[in-house]
Protein chains: 2
Amino acid sequence: MKQTATRKSFRREGEDKRREDLIAATLECVAERGLAGATVREIALRADVTAGLIRYYFPAKDDLIGAAYRAVMNRMTVQASDALKSAADDPRDRLNAFVKANLGQPIMDPNNLSLWAGFIGMVHADPAMALAHRDGYLGFRDELEALIREALLAAGKPAEPIHTRRHAIAVNAIIDGLWLEGCLAGDIFAEGELAETGIAAIEAVLAISLNPEKGGAI
Amino acid sequence: MKQTATRKSFRREGEDKRREDLIAATLECVAERGLAGATVREIALRADVTAGLIRYYFPAKDDLIGAAYRAVMNRMTVQASDALKSAADDPRDRLNAFVKANLGQPIMDPNNLSLWAGFIGMVHADPAMALAHRDGYLGFRDELEALIREALLAAGKPAEPIHTRRHAIAVNAIIDGLWLEGCLAGDIFAEGELAETGIAAIEAVLAISLNPEKGGAI
DNA sequence: CGTGTATTTATACGCTTGCATAATTAGAGC
DNA sequence: GCTCTAATTATGCAAGCGTATAAATACACG
């Protein structure tokens, strides 16, 4: 076993696994030291790989960063959708669960904000990234608008597209704004306070109750 | 005028002027190419100064960046406060004007978002930045809470601190969220749509009218 | 009209970065 | 077990970074 200046031993991994590992390592770096801390060498170190390999899987570093961004956004979307799947049937419960999921762990997390903010900074300069972002945003808002529509109907309220569009914009703003506050300074809020505040505000905006079981309201 | 390899001519400026110029140049860089584009050399170029001078006025580059961040936040705060000064006496009109100012030009601007996002990315890693941000955020929210309290009282509604706090959190989220949407994709909204949506949402949350003149409501 | 000094320029150093490329090797297929 | 190739390591480079420091100069003051 005496080895002086030996090469690093390695295993060949599947392409998918390696990409995932590299993305995960990137997210670790960003989480700990911000976007500036995500250098190819540091990422490689975390992935237990040498720096050169990154370029084997990603044409340039920015492609890896972009993939990492998409992974985070996708992960958040999936987590919110998961909350929907395990929710009750009543549309109001579903909207309630959706909001709570977005305003609680693990979605409302400073690490997510760091990556998101870093990426937003690039959006302004890179049109391709701007497009990717807009798609994500509109997708989220469309999902929200559908939930709102069903909740309104379940409460016996009209749900014209003209109104649901504006409602979706407002509710989306409430979620985004509270998410932001929670990510940036979660410690100055009580446990669950932001989620409760969000639910109450959305109830007021939509003029319906999102807790049809307990607090009955037509 | 024949000069080969002459030194750059310069004028001595007051300390305040130089600091302001350097900060302005920094903001230009960040707005155009993100935080990564704000290098000492590029900043110096924009300020029509050589790079070394930056360190004469700021101990390190990060100090300049921090000063620039504070300048942006301060500028937005001042702009919003200006809108208050030229508003009517009725507290509901004042809150209305405050919201409209934050959801219109020049505050709701992609450049401001770029700056803000770039800095927010650092907040997570740099404790000093985090403190600066928290102060700004709490200052904004406090101002908002005072406005809300007065508006509620003017409408004959109770304004207990327990409630105004939560209202301030929610209204702040609405403003932040809509500001974000407008900065990121202002072109997909009609003129004034976001401001109107914000006013309507806030009216719903506070259960008062913010247009006491025209649309009378107790 | 000199003179002193605070301000500004100029230059260079040591690091780190992203990227390219050559050398190696693990592991599948025959 | 051999062989071939795709995956991985290792090395180096050119560029750009922040910072330190010495040299130059504008300009207030006497």
Side-chain angles (χ1 to χ4, degrees), chain A residues 1 3-26 29-30 32-68 118 121-122 125-126 129, chain B residues 3-26 29-30 32-68 118 121-122 125-126 128-129:
Chain A
M1 285 293 266
Q3 19 186 178
T4 65
T6 66
R7 277 204 153 216
K8 177 182 190 295
S9 70
F10 62 91
R11 285 183 50 224
R12 297 188 167 197
E13 298 284 359
E15 172 170 343
D16 291 348
K17 170 99 165 55
R18 269 283 132 88
R19 290 187 112 93
E20 283 170 23
D21 285 352
L22 288 172
I23 287 174
T26 303
C29 291
V30 174
E32 281 189 25
R33 307 205 286 113
L35 243 196
T39 68
V40 284
R41 286 171 173 82
E42 182 69 26
I43 292 168
L45 198 65
R46 305 248 181 179
D48 192 31
V49 142
T50 56
L53 193 61
I54 289 180
R55 266 204 20 105
Y56 186 77
Y57 287 105
F58 298 91
K61 184 202 167 191
D62 279 356
D63 296 297
L64 171 55
I65 301 289
M122 306 180 73
D126 186 343
M129 298 245 173
Chain B
Q3 18 183 199
T4 65
T6 67
R7 275 204 156 217
K8 177 182 190 297
S9 71
F10 61 91
R11 283 183 51 221
R12 297 185 166 199
E13 298 284 359
E15 171 169 342
D16 291 347
K17 170 98 166 55
R18 270 281 132 85
R19 289 188 114 94
E20 283 170 23
D21 285 352
L22 288 173
I23 287 173
T26 304
C29 292
V30 176
E32 280 189 27
R33 308 205 285 114
L35 242 195
T39 69
V40 285
R41 286 169 174 83
E42 181 69 24
I43 292 168
L45 197 66
R46 305 246 182 182
D48 193 31
V49 141
T50 56
L53 193 61
I54 289 180
R55 269 201 21 102
Y56 185 77
Y57 288 106
F58 297 92
K61 183 201 169 190
D62 279 356
D63 296 295
L64 170 56
I65 300 289
M122 301 184 68
D126 185 344
M129 273 283 161

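Within every chain, numbering begins at 1; the chains are lettered A, B, ... in the order of the sequence lines, protein sequences first and strands thereafter. Reckoned from all heavy atoms, side chains included, excluding hydrogens, waters and symmetry mates.
If you measure from atom CD1 of I54(B) to atom P of dT8(C), you get 12 Å, rounded to the nearest angstrom. Counting to the nearest Å, the P atom of dT8(C) and the OH atom of Y56(B) are 7 Å from each other. Rounding to whole angstrom units, CD of residue E13(B) and C1' of dT7(C) are separated by 11 Å. In this structure, the CD1 atom of I43(A) is 14 Å from the C1' atom of dC19(C), given to the nearest Å.
To the nearest 0.5 Å, atom CZ of residue R19(A) and atom CD of residue E13(A) are 14.5 Å apart. Atoms OG1 and CD, from T26(B) and E42(B) in turn, are 10.5 Å apart once rounded to the nearest 0.5 Å. Rounded to the nearest 0.5 Å, atoms CG (D126(B)) and CZ (R33(A)) are 13.0 Å apart. Of the inter-residue distances, the one linking R11(B) atom CZ with K17(B) atom NZ reads 7.5 Å to the nearest 0.5 angstrom.
Within 4.0 Å of T39(B), counting heavy atoms only, lie sugar-phosphate atoms of the nucleic acid but no base atom. When heavy atoms are screened at a 4.0 angstrom cut-off, A51(A) is found touching no nucleic acid atom at all. Residue E15(B) is classed as having no contact, given no heavy-atom separation below 4.0 Å to the nucleic acid. At a threshold of 4.0 angstrom between heavy atoms, the contacts of Y57(B) are confined to the sugar-phosphate backbone, with no base atom among them.
Comparing R41(A) and L53(A) by the nucleotide of DNA chain D that holds the closest heavy atom to each, the one mapping nearer the 5' end is L53(A). Nearest-nucleotide positions on DNA chain D place R18(A) closer to the 5' end than the other of V40(B) and R18(A).
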Item to complete: Take K8(B) and D48(B), measure what salt bridge (charged side-chain N to carboxylate O under 4.0 Å, His left out) needs, and give me the verdict at the end.
Response: CA-CA 10 Å; K8(B) 177 182 190 297; D48(B) 193 31; 3.7 Å; yes
Going 5' to 3' through nucleotides 20-30 of chain C and flagging B where a protein heavy-atom sits under 4.0 Å of the base, S where only the sugar-phosphate is that close, and - otherwise, we get S--BSBBS---
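The closest side-chain heavy-atom distance from R46(B) to I43(B) is not below 4.5 Å.
Minimum interatomic distance between G37(B) and C29(B) (heavy atoms only, all atoms of both residues): O-CB, 3.8 Å.
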Acceptor/donor pairs from residues 51-68 of chain B side chains to any protein atom, 3.5 angstrom cut, sequence neighbours excluded:
from	atom 1	to	atom 2	distance (Å)
R55(B)	NH1	P59(B)	O	2.7
K61(B)	NZ	A38(B)	O	3.0
D63(B)	OD2	A60(B)	N	3.1

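Counting 5' to 3', DNA chain D first comes under 4.0 angstrom of a heavy atom of chain B and last does so at the ends given by dC17(D) to dC27(D).
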